[in-house]
Structures are given as C-alpha cells and as structure tokens.
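No experiment lies behind these values; they were computed from the predicted model shown. Below, chain A is the first sequence line, B the second, and so on; all start at residue 1.
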Amino acid sequence: MVLTAKEEILDALCRATKLDDIPLTEGGGHADFASTVAFVLAKREKSAPAPIAAEIARSLAKDPTLAGITITATGPYLNFTIGTERLTRALAAALEPGYGALPSKDTRVVLEHTSANPNGPLHVGHIRNSIIGDTLARCFRKAGFPVEVQYYVNDMGRQIAIVVWGLGRATSLPDPNEKPDHYIARVYIAANRALEEDPGLTTAVDSLMQRVEQGDPGVERQFRDAVSRCLAGFSVTLRDLAVPHDRFVWESDFIRNGDTSRIIGQLRHLPGYHVDGKEYLDLREQGFDKEYVIRRSDGTSVYAARDLAYHTWKGRNFDRVIDVLGADHKLIGAQLIATLHLMGEKTPDIVHFEFVSLPEGAMSTRAGTFVSADDLIREVSMRALDEVTTRRPELSEEERTVIARAVARAAIRYDIIRISPDKSTVFNWKEALNFERQSGPYIQYAHARACSILAKAGDWQPTYEIVTTHEVALARHIARFPAVIEETAMTLRPGLLAVYARELADHFNAFYQFEPVLGSEGATRESRITLVRAAQNTLHEALETLGIDALRSM
RNA sequence: GGGCUUGUGGCUUAGCUUGGACAUAGCGCCGGGCUUCUAACCCGGAUGUCGGGGGUUCAAAUCCCCCCAGGCCCGCCA
C-alpha cells in the first residue's frame with residue numbers, strides 16, 4: 001500500500017515540478033513522506049522556497065491520483081500523510097497470514113553464507129555471517145524470489161591437512177559427550193602446537209596436500225571424513241540458530257569435475273595472463289597491485305582458481321549471486337569480481353561484515369582463543385530458562401524449556417543482526433544476556449501480549465476506526481511492512497528489518513499501555529481488536545523473517 | 001608503507017548511498033507507574049564540540065580534502 005503510495009507521490013511530483021529527480025524521504029515524525037523539492041526549485045528560480053512549496057501543495061491537492069493522501073506545506077517542506085482509507089486497506093491486508101510477502105519473481109537467487117573452514121566449531125564471529133546470510137535469505141524469499149542457500153565447504157585447505165595429520169597421530173580421543181567439531185578443534189590446536197615445536201613435521205602435512213590434489217583415494221577419504229565430522233557438529237549449531245542451508249558445495253568437486261582446469265584454460269586467453277613457472281593474472285589496470293596467482297609453479301591450483309570455478313558455476317545456474325563474507329575477504333572478493341568481469345561471467349554481490357573480537361583480542365581457532373557459538377547458545381539458554389522459570393512457574397519444565405530455547409535464539413540473533421555489518425565489535429556477555437528493550441525477546445514479548453489479548457477476545461469483526469495517536473502510529477507502522485521487506489532485500493541491509501521490528505514492538509507496547517482493548521466497548525473494541533490482530537500478524541511475519549520464533553506465550 | 005573500513009552522550013547503537021525541519025533508540029543513572037488486556041512493559045528527567053581541522057552549500061552527522069585513533073587486508077595460505 002505504502003509502496004505504491006510512494007510511487008504515486010513521486011509521479012505526481014514529477015508532473016507538478018517537471019523535474020526527474022525528486023527528493024522524497026520517509027517523513028519521520030512529520031508525515032509518512034516528505035520532500036524538499038521546493039529548495040531545488042527555489043535555487044533555480046531564485047525565490048523563496050516556502051511559497052513554492054505552498055504552490056505545489058495546492059496543485060497536488062487537485063491531483064486525482066493522490067486521493068486519500070493529505071498534502072501540506074510546512075514552510076519549505078512538503079509533507080504527505082496517508083489517509084484513513086489507504087490505511088484501512090493496509091490493515092485489512094495485515095490481517096492475512098503471510099502479510100508482507102511480495103509478488104513472486106523469476107530471478108533465481110543463490111546466496112552463500114557461513115562457509116567457515118571445518119577445522120573447529122563455529123564461533124561468535126562465524127555466526128555473524130550465518131545470521132546476516134540467513135536473514136537476507138528469509139527476506140529475499142519474503143520478497144518473492146526463489147532462493148537457494150549454499151555453504152561452500154573449504155575441504156582442500158592446509159588447515160584441513162593439519163587436521164587430518166593430527167587425527168592420524170591420535171594423541172587424544174573424543175570425550176564421551178564432546179561435539180565432533182570441538183574435538184576437531186582440539187586436534188587442530190594440538191597439531192599446530194606440535195608443528196611449531198618441530199617445523200620438520202610440516203613435510204608430512206605438505207605430502208597430504210599434494211596427495212589430495214593428485215586424487216589419492218585414501219587421502220581423499222581421510223579429508224572427507226575429517227571435514228564431515230566437523231560439518232556434523234556445525235549442523236547442530238546451525239539448527240539451534242534456525243539457520244538452514246539448501247546445499248553444501250564442496251570445493252574439491254571443482255577440481256574433480258575439471259571445472260578448475262577449464263577456468264584456467266579460459267583465463268589463459270586474457271591479455272593480463274602470465275605464465276612464468278607460476279600462472280597469474282595482472283590486474284593492475286583494474287587497480288590491483290598484486291599478482292592474482294591462479295596456479296602454483298608445481299602445477300597445483302590455489303583457492304582463487306577454485307573460487308573462480310565455483311562462482312562461474314553459480315553465475316551460470318542462477319540469475320543473481322550473493323555472498324556473505326568476512327571483511328578479511330574484501331580484497332580477494334574485489335579481485336574475484338574483477339576477474340569474473342574480464343571473463344564475461346556474472347559477478348556476485350558481496351556483503352562483507354567486520355570482525356567480532358574478544359576483550360582480550362582477536363579470536364583464533366588455531367590458538368584456541370574463541371567463544372564458540374555452542375557455548376554462547378548454552379549460556380543464553382540457561383539464562384533464558386531462569387527467566388522463564390521465575391515468570392511462569394506454573395508451566396511444565398518441557399514448556400519452559402521450549403520457550404527458553406526460542407528466547408535464547410531470539411536474543412542471539414537479534415543482538416547480532418541489529419548491529420550494522422560494517423562495524424567491528426567486541427563480544428560482550430552482558431549485552432548477549434540482556435533480554436530487555438532492543439532485544440529479540442522484547443519483540444517476542446510484544447507479540448505474546450498481542451496473542452494473549454486475541455485469545456481472550458472472543459468473536460469479532462474487522463473494524464477500522466483508527467483515531468487515537470497511538471492507534472494511528474501503530475497502523476502506519478504496520479502499513480510500512482511490505483516496503484521494509486522490499487528495501488531490506490534491495491539494499492542487502494538486514495538491519496532495516498531489525499529496526500523496523502523493534503519499532504513495531506515499541507508502537508504496540510505504547511498502544512497497549514494507553515488504549516484498553518478488551519475493556520472498551522462497541523466499535524472501539526472491535527476496531528482495537530482488529531488493530532491488535534494486524535499488529536500481532538505483522539510482528540509474527542517480521543519475527544519469522546528475522547529467523548525468530550513468534551512465541552504465543554512466554 | 002599502501003589499500004579498505006569504522007569513529008555519534010559514561011557504555012552500545014540508528015541515521016550517512018539519495019545534504020534539509022528539534023540527531024535515533026537502548027544500557028547505566030535519577031524520579032514515577034502493577035486490585036485493570038503477561039511490568040521481558042510504560043511514562044518523565046539529566047547526559048551530545050555527531051573523532052579533530054579545513055572546504056563546498058542558502059543548509060553538512062550526511063558530500064570533498066587533510067590529520068588522529070581503532071579494525072581488517074596486502075602469501076605460489078584458505
């Protein structure tokens with residue numbers, strides 16, 4: 001509703017001002033939309049902006065396409081307020097399950113996220129990737145796109161060779177209840193320590209790497225087994241966070257199926273390609289100083305070559321390619337894009353996120369200095385269970401556990417998604433364990449309150465009498481939801497949805513505080529129940545899109 | 001050394017792409033509100049040189065330049 005209103009306003013402004021590029025923004029506290037176009041005209045015509053704004057407002061008031069939108073000139077500003085009729089239409093839509101979903105589109109999207117190296121458990125930095133990626137995937141689906149989510153399994157790296165070598169030495173076995181990814185980390189850490197103490201041992205690791213690239217079946221199996229054990233651990237963590245993948249794509253497959261060789265063959269035709277022992281691409285014309293090495297002098301491939309093969313494959317099988325990658329991949333991501341561009345292949349849109357560190361410094365799997373996602377989930381779940389037990393002692397332990405798990409997931413996911421990806425952060429236990437405002441549980445709570453009212457409401461008929469300021473503010477915010485889904489997907493900024501959901505909870509809570517629903521009578525009661533249902537449904541849809549369970553009771 | 005990026009009240013943070021109306025909110029602090037739809041809530045208050053300096057503009061947190069500080073990257077690793 002609001003989406004089309006915005007376009008209609010833009011069209012009308014274009015006609016009225018004869019300008020192509022009209023400034024039109026969210027109106028904030030003033031209106032639904034606002035325009036500063038009068039300033040532009042004032043400059044051109046060398047006259048005061050306020051009278052121009054007034055003149056435009058008068059002219060737009062006669063425009064039939066803007067029926068139901070109130071246009072006012074406040075000084076030099078043009079304000080547009082969506083009228084009750086349009087608001088009513090939006091609320092009616094908001095009562096329906098699936099509200100906010102946009103029309104289906106044909107553009108097939110492949111979205112890669114997480115893709116952590118399988119040499120130890122996912123830590124609080126990795127899940128920033130998972131949560132950004134999963135939220136975007138949910139947003140794209142909501143926006144009508146067919147989406148396939150992929151995990152790119154780096155199973156050919158030196159790290160994995162070190163794990164395989166460490167497993168072979170079998171200095172310690174898994175503890176009875178130890179998750180396999182945590183065991184792999186112990187092996188990896190111990191193996192690295194041994195290699196540091198005796199650098200001569202690295203020849204064994206080098207040999208493993210050569211044999212796996214040559215396709216030695218026994219070594220290939222060892223690599224696959226080690227990686228699979230770690231991925232089995234990841235899948236538990238990702239399930240706890242409600243982060244699903246549609247497909248796991250193994251890096252080594254691009255060696256085995258010949259794609260990497262074919263890509264290198266293709267690259268040799270590029271003007272900047274050089275072979276002098278090693279093979280590399282000169283990207284200086286694209287603004288990169290360093291040689292982009294594609295193949296080592298011993299003939300083995302490097303990560304970059306396999307990545308080119310992977311992205312070429314994605315580009316040929318999907319219409320749009322999106323990757324979520326750590327900030328450490330910015331340079332190679334740019335090189336990848338530049339090279340794909342030279343090859344005439346589709347280039348990905350890459351969402352980069354900055355690192356999460358600990359108060360004592362950077363996290364490192366190799367050094368064993370990290371907070372695992374499993375530890376975070378366990379601590380937050382325990383804290384959530386305490387909270388639920390205090391508030392709802394009458395519930396069974398099973399019910400409380402189910403709620404606590406959902407609350408924990410909400411707290412973790414929201415705590416991460418609300419921070420802009422381009423901000424590096426320091427992990428903070430106090431923030432992670434906070435369930436108050438600006439948290440996932442806060443939004444869940446608003447939803448549970450709405451559900452509670454609806455459960456007691458009995459029969460009611462949709463009624464639309466949006467009168468009080470709290471009612472209007474809530475209704476307007478509900479009406480914006482489809483536009484927020486659209487913008488989040490278009491701009492690849494999941495934080496927009498996070499902020500929207502929190503503001504929706506804010507508006508609902510204010511309405512809840514000041515406008516009695518069940519205690520009011522007649523049309524007011526019906527109308528407020530209608531608004532509660534619209535708010536509850538919109539909160540539900542927004543939470544689900546954030547990967548957070550919309551609890552009916554907590 | 002070069003590149004990318006961030007710097008907003010004591011702490012955390014939105015806004016920056018598309019310059020405009022009193023800079024968003026939370027935590028913490030002070031003061032209120034549960035015989036009334038779940039107080040994981042709400043209301044009020046104090047707290048800001050939007051890192052510093054220059055520039056563009058009628059107008060700059062937002063655009064440009066310089067400087068300072070933090071993070072990341074600069075491997076025939078992945």
Does the pair [X]/[Y] count as a salt bridge with the N-to-O cut at 4.0 Å?
X      : Y      : answer
A/D253 : A/R256 : yes
A/R383 : A/E379 : no
A/K278 : A/E291 : yes
A/D506 : A/R437 : yes
A/R211 : A/E213 : no
A/D206 : A/R158 : yes

Using Watson-Crick or G-U wobble geometry with both distances under 3.5 Å, which nucleotide pairs with [N]?
N     : result
B/U35 : none
B/G44 : B/C30
B/C4  : B/G71

Does A/R449 count as lying over the ring of A/F508, i.e. NZ or CZ under 6.0 Å from the six-ring centre, within 45 degrees of the axis?
-> no
Between residues 509-517 of chain A and RNA chain B, which residues have a heavy-atom gap below 4.0 Å?
-> A/N509, A/Y512, A/Q513, A/F514, A/E515, A/P516, A/V517
Once hydrogens and angles are ignored, does a donor-acceptor distance under 3.5 Å link the base of [N] to the side chain of [X]?
X      : N     : value
A/Q159 : B/A78 : no
A/S424 : B/C72 : no
A/N79  : B/A21 : yes

Please report the distance separating the [atom1] of [N] from the corresponding atom of [M], rounded so that it comes out in whole Å.
N     : M     : atom1 : answer
B/G48 : B/G1  : P     : 36 Å
B/C58 : B/C11 : C1'   : 38 Å
B/G32 : B/G19 : P     : 47 Å
B/G15 : B/A60 : C1'   : 14 Å
B/G10 : B/A46 : C1'   : 13 Å

A correct 5'-to-3' footprint of nucleotides 14-19 of chain B, with B, S and - meaning base, sugar-phosphate only and no protein heavy atom under 4.0 Å, is SSSB--
So what does A/A448 touch, heavy atoms closer than 4.0 Å: a base, only the sugar-phosphate, or nothing?
-> base
How close or far is atom [atom2] of [N] from atom [atom1] of [X], stated in whole angstroms?
X      : N     : atom1 : atom2 : value
A/R437 : B/C43 : CZ    : C1'   : 11 Å
A/R502 : B/G26 : CZ    : P     : 7 Å
A/D307 : B/A78 : CG    : C1'   : 10 Å
A/D328 : B/C77 : CG    : C1'   : 12 Å
A/E436 : B/A25 : CD    : C1'   : 14 Å
A/L195 : B/C77 : CG    : C1'   : 14 Å
A/D289 : B/G75 : CG    : C1'   : 15 Å
A/I416 : B/U12 : CD1   : P     : 17 Å

For A/F248 and A/W250, run ring-ring contact (aromatic ring centres under 6.0 Å, His included): C-alpha distance rounded to whole Å, both residues' side-chain angles, the deciding distance at 0.1 Å, then the answer.
-> CA-CA 6 Å; A/F248 284 71; A/W250 292 56; 8.3 Å; no
Between A/K330 and B/U5, is there a side-chain N or O to OP1/OP2 distance below 4.0 Å?
-> no
Quick one: is B/A78 close enough that its OP1 or OP2 comes under 4.0 Å of any side-chain N or O from A/R306?
-> yes
Note: A/R128 and A/S424 closest approach over all heavy atoms is NH1-CA, 4.4 Å
Interatomic distance, A/L531 atom CG to A/T524 atom OG1 [nearest 0.5 angstrom] = 12.0 Å
Would you give the length of the straight line joining atom OG of A/S130 to atom CZ of A/F234, rounded to the nearest 0.5 angstrom?
-> 9.5 Å
Which nucleotide wins on minimum distance to the side chain of [X], given the candidates [options]?
X      : options             : value
A/S452 : B/G75, B/C37, B/U5  : B/C37
A/I453 : B/C41, B/C37, B/C76 : B/C37
A/Y442 : B/U5, B/C76, B/C41  : B/C41

Aromatic plane relationship, A/Y152 with A/Y310 - under 30° parallel, 30 to 60° tilted, over 60° perpendicular | parallel
Answer yes or no: are there more than 12 heavy-atom neighbours, outside A/R296 itself, under 6.0 Å from its atom CZ?
-> yes
Can you tabulate the close N/O pairs, meaning under 3.5 Å, that link protein atoms to atoms of nucleotides 55-61 of chain B?
none

